[in-house]
Amino acid sequence: MSKVKTLGQFIIEKQSDFPYAKGEFSRLLRDIGIAAKIVNREVNKAGLADILGEAGETNVQGEQVKKLDIFANEQFIAALTVGGEVCAIVSEENEEIITVDNPQSKNAKYVVAIDPLDGSSNIDANVSVGTIFSVYRRTSLSGPGTIEDFMQRGTEQVAAGYVIYGSSTMLVYTTGRGVNGFTLDPSIGEFCLSHPNIKMTRSGKTYSINEGYYVHFQDGVKKFIKWCQEEDKATNRPYSSRYIGSAVADIHRNLLYGGIFIYPTTAQAPKGKLRLLYECNPLAFIVEQAGGKASDGTKRIMEIDTKALHQRTPIFIGSADIVEMAEDYMRKYAAVEVKG
Ligand code: P6P
């Protein structure tokens, strides 16, 4: 009997953890896996298929959209729409919600928020990029989903995950019962369980932040960075600075090896850059399930009220002890800043 366990086998095996599940949730995860394989195929040949380059359009973030962003967005929306388990979708690439109102979705129970291709500005340089997804039960009673279905805290997520298109392609997800990682085996076209029950160390020796914005950082962030750079063998300091510019890649590395990723407020991003709904909440769910922490510097990410689809937040995410150290600095120097 092969030791390989595919994503499909794992999902079915875990379905029994949900006694009342009738398979809708399993089908939803399967649909995401299928779209990820299709996107992976294009990401892997992007340099050859003339799918690169500026599509000439700009997305709701005002950023130049590359053709692969559009392709990935279309694939995940199509997979979720056809699958019949989703009544509405929010995507980084679409300003408004995408309602799903077709015969096979009339009993859909879920809504999905997605960043179809995070870090896509790196694609031309062959740097890892990722897809991030977050799943909620709908709160509306029937019919097409509504914006209210997304105005939920991250604590209400029923699942969250990411796909990282890197040296290998991995799908990492949680349904609130731990975190598991699956590596795509191109020879059989299946995601296979490669990282069962991922657990994050409470500490580490890496910090990820774009220090190019240092002059604009709050004092607490500046003091924490200096703490990371001090010599102290007992606490593995100085930490190594690692910043890929692709949150999924930075956070995936820290999930496996320990460390902290920070995107604080900056002059260009006074509310932070990363989006609460389809980046910070799903990544926070995964990291917390692996034993880590995620906050905005003071408040748990998953307890932030969602008030807008593309709402931004600062994020401090990673090994629990390091995030707590950063939070201590933020509290200590926020008080100083307020006193002026
Ligand atoms: P900066 C990619 O555009 C992204 O949203 C994250 O994946 C990444 O961590 C961040 O922006 C990089 O932003 O301002 O450091 O280039």
Side-chain angles (χ1 to χ4, degrees), residues 39 43 46 52 54-55 57-70 72-73 76 90-95 113-134 160-166 169-170 172 206-218 221-222 224-225 240-255 259-284 286-287 292 294-297 301 309-318 323 326:
V39 171
V43 167
L52 278 179
E54 309 298 329
E57 298 166 21
T58 57
N59 65 17
V60 292
Q61 331 301 338
E63 296 161 342
Q64 283 295 325
V65 176
K66 296 200 177 294
K67 294 176 186 171
L68 217 43
D69 289 27
I70 297 174
N73 197 38
F76 281 100
V90 162
S91 168
E92 184 190 27
E93 298 297 339
N94 299 74
E95 191 159 8
I114 192 161
D115 184 353
L117 209 59
D118 177 69
S120 55
S121 56
N122 290 308
I123 289 172
D124 298 28
N126 208 13
V127 171
S128 298
V129 293
T131 297
I132 312 167
F133 63 88
S134 171
Y162 60 78
V163 183
I164 177 166
Y165 311 96
T169 295
M170 275 190 73
V172 175
T206 303
Y207 71 103
S208 307
I209 187 170
N210 186 337
E211 295 190 62
Y213 303 133
Y214 183 87
V215 294
H216 299 298
F217 288 156
Q218 293 161 292
V221 176
K222 290 178 178 175
F224 173 71
I225 290 172
S240 296
S241 172
R242 293 283 184 278
Y243 192 74
I244 300 169
S246 211
V248 170
D250 277 315
I251 292 169
H252 179 69
R253 180 203 55 243
N254 293 347
L255 182 73
I260 186 171
F261 171 90
I262 303 174
Y263 205 108
T265 59
T266 66
Q268 295 91 330
K271 291 191 167 60
K273 178 180 183 183
L274 270 61
R275 307 297 179 158
L276 177 64
L277 192 57
Y278 41 76
E279 291 173 324
C280 297
N281 269 331
L283 293 169
I286 291 164
V287 164
S295 80
D296 64 2
I301 288 286
L309 297 179
H310 303 286
Q311 175 176 339
R312 298 176 192 266
T313 176
I315 184 166
F316 297 65
I317 183 169
V323 171

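Everything numeric here is computed off the predicted structure, so don't read it as measured data. Atoms within a ligand are numbered from 1 in the order they appear, just like the ligands themselves.
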**Request:** For Asn210, take its heavy atoms, then give the atoms of ligand 1 lying under 4.0 Å from any of them.
**Result:** 1 (P), 15 (O)
**Request:** Indicate yes or no for a side-chain donor-acceptor contact from Ser208 to the backbone of Arg242 under 3.5 Å, with no hydrogens or angles considered.
**Result:** yes
**Message:** Can you name the atoms of ligand 1, numbered from 1 with element, that are less than 4.0 Å from a heavy atom of Phe261?
**Reply:** 9 (O)
**Message:** Quick check on contacts: which atoms of ligand 1 are under 4.0 angstrom from a heavy atom of Tyr263?
**Reply:** 1 (P), 13 (O), 14 (O), 15 (O)
**Message:** The criterion is side chain to side chain donor-acceptor pair (under 3.5 Å); which residues satisfy it with Asp250, sequence neighbours excluded?
**Reply:** Arg253
Under 3.5 Å, which donor-acceptor pairs do the side chains of residues 259-271 form with other protein atoms, sequence neighbours left out?
from, atom 1, to, atom 2, distance (Å)
Thr265, OG1, Gln218, OE1, 3.3
Thr266, OG1, Gln268, N, 3.3
Thr266, OG1, Ala269, N, 2.9

**Fill in**
If you compare Ala249, Ser121, Ala247, Gly212 by their heavy atoms, the one closest to atom 6 (C) of ligand 1 turns out to be Ala247
**Prompt:** So do the side chains of Leu117 and Tyr165 get within less than 4.5 Å of each other, counting heavy atoms only?
**Reply:** yes
**Message:** Only heavy atoms of Tyr243, strictly under 4.0 Å: list the atoms of ligand 1 that pass.
**Reply:** 1 (P), 9 (O), 10 (C), 12 (C), 13 (O), 15 (O)
**Item:** Note, Asn281 side chain near Ile301 side chain (heavy atom, < 4.5 Å)
**Value:** yes
**Asked** Ignoring hydrogens and geometry, is there a side-chain-to-backbone donor-acceptor pair from Asp118 to Asp115 under 3.5 Å?
**Response** no
**ligand 1-proximal atoms of Gln268, by part, heavy-atom distance under 4.0 Å** = neither
**Message:** Closer than 4.0 Å to some heavy atom of Gly119 - which atoms of ligand 1 meet that?
**Reply:** 2 (C)
**ligand 1 atoms in contact with Tyr213 (distance to a heavy atom under 4.0 Å)** = 1 (P), 14 (O)
